[in-house]
2 protein chains.
Amino acid sequence: MRSIGKKIELLRSIAHPARIKILDELAKGVKCVSDFEEFLEISQPNVSQHLSLLRRHGVIDFYVDGRLKCYFLVDPMIPELLSVLNTDHASELPAPACCPVTRKGKYPGERKRKQKTSVE
Amino acid sequence: MRSIGKKIELLRSIAHPARIKILDELAKGVKCVSDFEEFLEISQPNVSQHLSLLRRHGVIDFYVDGRLKCYFLVDPMIPELLSVLNTDHASELPAPACCPVTRKGKYPGERKRKQKTSVE
DNA sequence: TAATAATATTTGCATATATTAATACAAAGG
DNA sequence: CCTTTGTATTAATATATGCAAATATTATTA
């Protein structure tokens, strides 16, 4: 399995509005730099910076085609992650039924669930 | 579907070694603060900070049980994301077969794929 | 070979995030 | 009440990230 460090590296690569849009596009197919420049509304150097970050982190790569650099996905986790992120989830997870506190022994006996007191 | 902003918020919440460990644990069941203190090797205040961040971002919540606060997952995307992250993916995605450049018209004619020249 | 097109790199600054230490608070239990 | 236990908040500082502007690089076309 991928190390914690690698997972964090991947997540941080994705966790940016420009980059997640880039990846959503690349999930559909190869694109070159100026393609992104058009539909993201950021400068060319900035597009390049994001692409180069994604490449440094092993998420994407490119091949050269004349003057163009054609970027594509290489990390097989990306399409799956994007697909989860793009899924509609109906509702919150159910709250835990009881109170399975793990610090055994210290606070024994019955513990009924109390009000979910706000702490703001 | 969740907005870009919300996706980024979620990803950034997850993208930290302590927090992803916290979430991996919570995916197994309810835990209180001092449970984390043990198996993460960070101070109690730091654990609290991470938990409170996750709560602010709507990823987890807690109920009070005597002296303890029992934390649990609320965002239904989390278990799925963790499961993808914890999956072994055999290999890289296949490189694109040809060169489907989208900037039509500007560079017409045949474009053969060139060497994937390293740019380090 | 000069000009242009496409992309990349560097630098500096602003903002955001992380870590640590000190302190505060709140609920139980005596 | 007074103490202990469990958790939270604040403040100070360090580190990382993001962006814009200027400049560089590389391949193609004239």
Side-chain angles (χ1 to χ4, degrees), chain A residues 5 8-9 11-20 22 31-38 40-57 60-71 99 101-103 105-112 114-115 117-120, chain B residues 8-9 11-22 31-38 40-57 60-71 99 101-103 105-112 114-115 117-120:
Chain A
I8 300 306
E9 185 182 354
L11 288 171
R12 290 231 243 259
S13 304
I14 302 182
H16 185 286
R19 292 197 294 266
I20 206 172
I22 288 175
K31 296 270 179 313
C32 70
V33 181
S34 41
D35 289 328
F36 297 118
E37 205 180 336
E38 292 171 18
L40 306 173
E41 298 187 335
I42 62 181
S43 68
Q44 175 274 317
N46 200 187
V47 173
S48 250
Q49 284 169 338
H50 288 303
L51 289 170
S52 116
L53 183 152
L54 288 169
R55 204 174 91 90
R56 267 202 315 280
H57 293 334
I60 66 179
D61 202 355
F62 65 82
Y63 58 84
V64 175
D65 173 40
R67 309 179 168 184
L68 307 179
K69 300 216 180 159
C70 301
Y71 282 87
C99 184
V101 171
T102 55
R103 307 193 70 231
K106 281 206 168 178
Y107 300 96
E110 258 252 302
R111 296 187 202 87
K112 354 155 205 20
K114 296 187 184 166
Q115 194 73 358
T117 49
S118 173
V119 174
E120 243 66 53
Chain B
I8 301 307
E9 185 183 354
L11 288 171
R12 288 230 247 260
S13 303
I14 302 181
H16 185 286
R19 293 198 293 266
I20 206 170
K21 285 178 200 159
I22 287 175
K31 295 269 180 316
C32 70
V33 181
S34 41
D35 288 329
F36 296 118
E37 202 182 326
E38 292 172 19
L40 306 173
E41 300 188 333
I42 61 181
S43 67
Q44 174 273 316
N46 200 187
V47 173
S48 252
Q49 285 168 337
H50 288 303
L51 289 171
S52 115
L53 184 153
L54 288 170
R55 204 174 91 90
R56 268 202 313 281
H57 293 330
I60 65 178
D61 201 355
F62 65 82
Y63 59 84
V64 175
D65 174 38
R67 310 176 171 186
L68 308 178
K69 301 219 179 154
C70 300
Y71 282 87
C99 184
V101 171
T102 56
R103 308 193 70 232
K106 282 206 167 178
Y107 298 97
E110 260 252 301
R111 295 187 201 86
K112 9 181 187 0
K114 297 186 185 168
Q115 194 72 356
T117 48
S118 173
V119 174
E120 243 64 53

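Labels below follow one simple rule: chain letters A, B, ... track the order of the sequence lines, proteins then strands, and each chain is numbered from 1.
- Spacing between atom NZ of A/Lys31 and atom C1' of C/dT7 amounts to 18 Å, rounded to whole angstrom units.
- From B/Glu37, atom CD reaches atom SG of B/Cys32 across 9.5 Å, with rounding to the nearest 0.5 Å.
- One atom, CZ of B/Arg67, and another, P of C/dA28, lie 8 Å apart when rounded to the nearest Å.
- Picking from D/dT5, C/dA18, D/dG18 the nucleotide with the shortest atom distance to the side chain of B/Leu53 gives C/dA18.
- Here the side chain of B/Arg19 is nearest to one of C/dA28, C/dA18, C/dA6, namely C/dA18.
- Nearest nucleotide to the B/Arg12 side chain, out of D/dG6, C/dA18, C/dT17: C/dT17.
- Residue A/Leu51 places its side chain closer to C/dA8 than to any other of C/dA6, D/dT7, C/dA8.
- Residue B/His50 has no polar side-chain atom (N or O) positioned under 4.0 Å from OP1 or OP2 of D/dA8.
- The distance between atom CZ of A/Phe62 and atom C1' of D/dA27, rounded to the nearest whole Å, is 13 Å.
- At a threshold of 4.5 Å between non-hydrogen side-chain atoms, the residues A/Ile42 and A/His50 count as touching.
- Dashed line: the shortest gap from a side-chain N or O of A/His16 to OP1 or OP2 of D/dA16 is not under 4.0 Å.
- Within residues 42-49 of chain A, the residues having any heavy atom under 4.0 Å from DNA chain C are, by residue number, A/Gln44, A/Pro45, A/Ser48, A/Gln49.
- Note: CD1 (B/Ile22) to C1' (D/dT7) measures 13 Å, nearest angstrom.
- The side chain to side chain contact (heavy atoms under 4.5 Å, CB included) check on B/Ser43 picks up B/Pro45, B/Asn46, with sequence neighbours excluded.
- One can place CD of B/Glu9 at 15 Å from C1' of C/dT17, the figure rounded to the nearest angstrom.
- You'll find that the side chain of A/Ser34 is closest to C/dT7, out of C/dT7, D/dT5, C/dT9.
- Atom CD of B/Gln44 sits about 4.5 Å away from atom OG of B/Ser48, to the nearest 0.5 Å.
- Out of D/dT7, C/dA28, C/dA6, the shortest distance to the side chain of A/Leu68 is found at C/dA6.
- Atom NZ of residue B/Lys21 and atom CD of residue B/Glu41 lie 8.0 Å apart, to the nearest 0.5 angstrom.
- Using a 4.5 Å heavy-atom threshold, the side chains of A/Phe36 and A/Leu51 count as touching.
- Remark: P of C/dA6 and CZ of A/Phe36 are 16 Å apart, rounded to the nearest angstrom.
- Summarising the geometry, the separation between CD on B/Glu38 and C1' on D/dT7 is reported as 15 Å, rounded to the nearest angstrom.
- Contacts of B/Tyr71 with the nucleic acid, taken as non-hydrogen atoms under 4.0 Å apart, involve only primed sugar atoms and P, OP1 or OP2.
- One can place CZ of A/Arg56 at 12 Å from P of C/dA8, the figure rounded to the nearest angstrom.
- In this structure, the separation between CD1 on A/Ile8 and NE2 on B/His16 is 8.0 Å, given to the nearest 0.5 Å.
- Taking every heavy atom of both residues into account, B/Ala15 and A/Leu11 meet most closely at CB-CB, 3.7 Å.
- Contact annotation: B/Lys69 does not reach the phosphate of D/dG6 (side-chain N/O to OP1 or OP2, under 4.0 Å).
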